[in-house]
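Working notes, structure below.
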Amino acid sequence: MKLAILSRAPRSYSTQRLRTAALDRGHTVKVLNTLRFAIDLSGPEPDLQYRGKPLSHYDAALPRIGNSITYYGTAVVRQLEQMDVFTPNTSWGIQNSRDKLRASQILSRHDIGMPATTFVRDRADVIAAIERVGGAPVVIKLLEGTQGIGVILAPEIKVAEAIIETLQSTRQNVLIQRFVAESKGRDIRALVVGDRVVAAMRRVAKGDEFRSNVHRGGSVEAVSLDPEYERVAVRAAQIMGLRVAGVDMLEGDDGPLVMEVNSSPGLEGIESATNLDVAGAIIDHIDNQVAFPEIDVRQRLTVSTGYGVAELLVQAASDMVGKPLGESGLRDRDISVLTLQRGTQVIPNPRRSHVLEAGDRLLCFGKLEEMRSMIPSRRRRTRKVKRLPKDPIHEPWPTVEP
């Protein structure tokens with residue numbers, strides 16, 4: 001295959017290892033500076049230029065997008081997706097992983113264990129937010145910090161309040177997170193490629209430092225993960241839309257707690273600790289998947305008038321409960337079930353013989369009107385526009401109830 005590595009650091013260890021692994025396997029590979037691309041939307045089809053010339057054909061592109069160029073970098077990756085070039089990490093997956101709040105919101109929807117987290121903007125809400133995550137000490141994080149930068153441990157509520165107020169005064173958005181004391185300055189980095197963990201290491205903070213990042217002097221050691229840690233790491237990466245990811249987890253008393261999903265994980269630390277060819281595993285995965293470029297499924301499935309994608313919840317009172325999928329009547333209503341989610345288990349392309357249970361979530365494609373009719377009716381608000389009242393503004397302002 002012909003592979004492009006998108007990187008502004010051609011001499012970095014990770015970029016050099018990926019290039020070497022591709023060349024050793026007989027592939028053609030070039031390292032391209034992400035900022036030298038120009039997105040061309042002037043023609044009949046999406047196109048890219050590189051250094052002022054039309055980009056030649058590539059089978060796959062491996063993005064190594066730095067945090068400082070996330071917006072432009074993901075725009076380039078998105079353009080490659082529109083050109084049917086395979087990318088192991090989606091543009092939206094990279095964007096989601098860069099914003100810690102957005103990542104936490106997405107993972108929490110899928111029952112992924114995480115340290116208790118909250119996000120507030122008003123100073124009056126800070127103390128209540130700290131109490132919600134278990135009280136001091138708490139960890140304060142900048143939404144877009146990397147390598148441990150912008151992560152602060154506040155030992156007391158007053159200290160936390162002062163730090164948050166200071167950061168917010170400089171227009172910084174911060175998360176408030178429970179300090180997981182039992183992790184004792186340690187965390188796990190699992191390197192996920194495709195649907196498996198290819199290598200894992202434990203990072204241990206230096207001295208009294210609670211951040212275990214290698215860039216902060218932390219030490220690393222190879223580790224064999226329990227099946228539960230592997231399952232959580234793979235699922236977190238998949239939920240985020242990443243086929244290559246470094247998943248950072250704390251070792252909590254009740255199991256793994258996902259801290260972060262990194263879309264451009266460094267390879268030097270984990271290859272040194274494990275002595276495993278992680279770069280080679282990434283190249284092999286791309287080679288095996290290159291025939292299946294990333295597509296925007298919702299975009300493709302909603303171009304037909306009257307058809308679309310929707311998630312249907314099987315209610316306890318539904319007559320579908322206890323029936324095989326083939327006897328549910330969905331096909332008769334021109335509705336196809338793409339996946340069935342039961343708790344944390346996701347069943348792709350479920351069989352007709354699969355018996356439905358209350359609480360099942362069905363990701364469906366079909367006629368929107370038919371799917372709307374299956375959603376429990378809600379009390380509709382009147383659409384009639386009323387006349388403006390004689391006194392349109394009340395003084396003083398009424399108390400807003402939560």
Separation between CD1 (I94) and CG (L242), nearest 0.5 Å, reads 7.0 Å
S263 side, atom OG; I65 side, atom CD1 - distance, nearest 0.5 Å
8.0 Å
Y71 side chain to Q95 backbone, donor-acceptor under 3.5 Å:
no
Salt bridge (charged side-chain N to carboxylate O under 4.0 Å, His left out) involving E370 - partner list, sequence neighbours excluded
R333
Do R8 and I69 have side chains that approach each other closer than 4.5 Å (heavy atoms only, starting at C-beta)?
yes
Of the non-hydrogen atoms in V198 and A281, which two are nearest, and what is the gap between them?
CG1-CB, 4.1 Å
Keeping the roles fixed (side chain from N89, backbone from R243), state whether a donor-acceptor pair exists under 3.5 Å.
yes
To the nearest 0.5 Å, what is the distance between CZ on R352 and OG on S328?
8.5 Å
Output, in order, the C-alpha distance, side-chain angles, deciding distance and verdict of side-chain hydrogen bond (donor to acceptor under 3.5 Å, both in side chains) for R132 and T118.
CA-CA 8 Å; R132 281 200 300 274; T118 186; 3.1 Å; yes
Let me see the working for I286 and F86 under side-chain contact (heavy atoms from CB on, under 4.5 Å), right down to the final yes or no.
CA-CA 8 Å; I286 294 173; F86 175 78; 3.9 Å; yes
Quick one: does any side-chain atom of H27 pair with a main-chain N or O of M1 as donor and acceptor, under 3.5 Å?
yes
If you measure from CZ on R64 to OG on S12, what distance do you get to the nearest 0.5 Å?
6.5 Å
To the nearest 0.5 angstrom, please state how far the CZ atom of F119 sits from the CD atom of Q105.
8.5 Å
Heavy-atom count check: over 12 atoms from other residues, nucleotides or ligands less than 6.0 Å from R11 CZ?
no
Keeping D99 on the side-chain end and R102 on the backbone end, is there a donor-acceptor pair under 3.5 Å?
yes
Among T20, L3, V278, the one residue meeting side-chain contact (heavy atoms from CB on, under 4.5 Å) with I283
L3
Between L6 and L62, is there a side-chain heavy-atom distance shorter than 4.5 Å?
no
Surrounding CD of E156 (heavy atoms of other residues, nucleotides or ligands, distance under 6.0 Å), is the total greater than 12?
no
Within a reach of under 6.0 Å around CZ of R178, are more than 12 heavy atoms found that belong to other residues, nucleotides or ligands?
yes
Might you work through the salt bridge (Lys or Arg N to Asp or Glu O under 4.0 Å) test for K2 and D59, ending with a clear yes or no?
CA-CA 5 Å; K2 187 176 180 181; D59 300 301; over 6 Å; no
Taking all atoms of both residues into account, what is the closest heavy-atom pair of V261 and S97, and its distance?
O-CB, 3.2 Å
Closer than 4.0 angstrom, basic N to acidic O: yes or no for R202 and E251?
yes
Can you measure from CD1 (I112) to OG (S104) and round to the nearest 0.5 angstrom?
11.5 Å
As a test of understanding, state which of E369, M371, K367 forms a side-chain contact (heavy atoms from CB on, under 4.5 Å) with D334.
K367
Taking the side chain as C-beta and beyond, is there a heavy-atom pair between M320 and L325 under 4.5 Å?
no
Answer whether the closest heavy-atom distance between the side chains of T15 and V31 falls below 4.5 Å.
yes
Whether Q341 side chain and D360 backbone form a donor-acceptor pair below 3.5 Å:
no
Taking every non-hydrogen atom, the tightest pair across M240 and A103:
CE-CB, 3.7 Å
State, with a plain yes or no, whether a side-chain heavy atom of M374 is found less than 4.5 Å away from one of L330.
yes
Under 3.5 Å, side chain of E271 to main-chain N/O of A279, donor-acceptor pair present?
yes
Does N173 form a side-chain hydrogen bond (donor to acceptor under 3.5 Å, both in side chains) with R121? I'd like the steps, not just the answer.
CA-CA 8 Å; N173 290 313; R121 280 291 299 174; 3.1 Å; yes
Under a 4.0 Å N-O cut-off, is there an ion pair linking E311 with R109?
yes
Backbone N or O of Q177 within a donor-acceptor pair of the T117 side chain at under 3.5 Å?
no
Closest heavy-atom contact between A237 and V247?
CB-CG2, 4.4 Å
Can a donor-acceptor pair be found, under 3.5 Å and without considering hydrogens, that links the side chain of T90 to the backbone of G241?
yes
Salt-bridge contact D248-R189 (side-chain N to carboxylate O under 4.0 Å):
yes
List the steps, then state whether side-chain contact (heavy atoms from CB on, under 4.5 Å) holds for R19 with V29.
CA-CA 7 Å; R19 178 179 178 274; V29 58; 3.9 Å; yes
Using a strict threshold of under 4.0 Å (side-chain N to carboxylate O), is an ion pair present between E228 and R231?
yes
Which residue, V337, T339, L312, forms the side-chain contact (heavy atoms from CB on, under 4.5 Å) with L363?
T339
Other residues, nucleotides, ligands: >12 heavy atoms within 6.0 Å of D122 CG:
yes
So, for P265 and S14, which heavy atoms are closest and what is the spacing to 0.1 Å?
O-OG, 4.4 Å
May I have all residue pairs that pass side-chain hydrogen bond (donor to acceptor under 3.5 Å, both in side chains) and include part of residues 274-285, sequence neighbours excluded?
R17-D277, R25-D277, R25-D284
Take I5 and L32 through the side-chain contact (heavy atoms from CB on, under 4.5 Å) test and state the conclusion after the steps.
CA-CA 6 Å; I5 299 176; L32 305 179; over 6 Å; no
For K158, check side-chain contact (heavy atoms from CB on, under 4.5 Å) against everything at least two apart and list the hits.
E161
Does the pair I188 and M201 meet the rule for a side-chain contact (heavy atoms from CB on, under 4.5 Å), with working shown?
CA-CA 6 Å; I188 298 290; M201 65 180 179; over 6 Å; no
Treating Y72 as the side-chain partner and F37 as the backbone partner, does any N or O pair qualify as donor plus acceptor under 3.5 Å?
yes
From Q82, Q79, E81, residue fulfilling side-chain hydrogen bond (donor to acceptor under 3.5 Å, both in side chains) relative to S91:
E81
Heavy atoms, side chains only, cut-off 4.5 Å: are L267 and I282 in contact?
yes
Nearest non-hydrogen partners of G252 and L257, listed with the distance
CA-CD1, 4.2 Å
Has the side chain of R98 got a donor or acceptor atom that lies under 3.5 Å from a matching backbone atom of G66?
yes
S108 and M114, any side-chain heavy atoms less than 4.5 Å apart:
yes
For a 4.5 angstrom cut-off between non-hydrogen side-chain atoms, does M83 reach L48?
yes
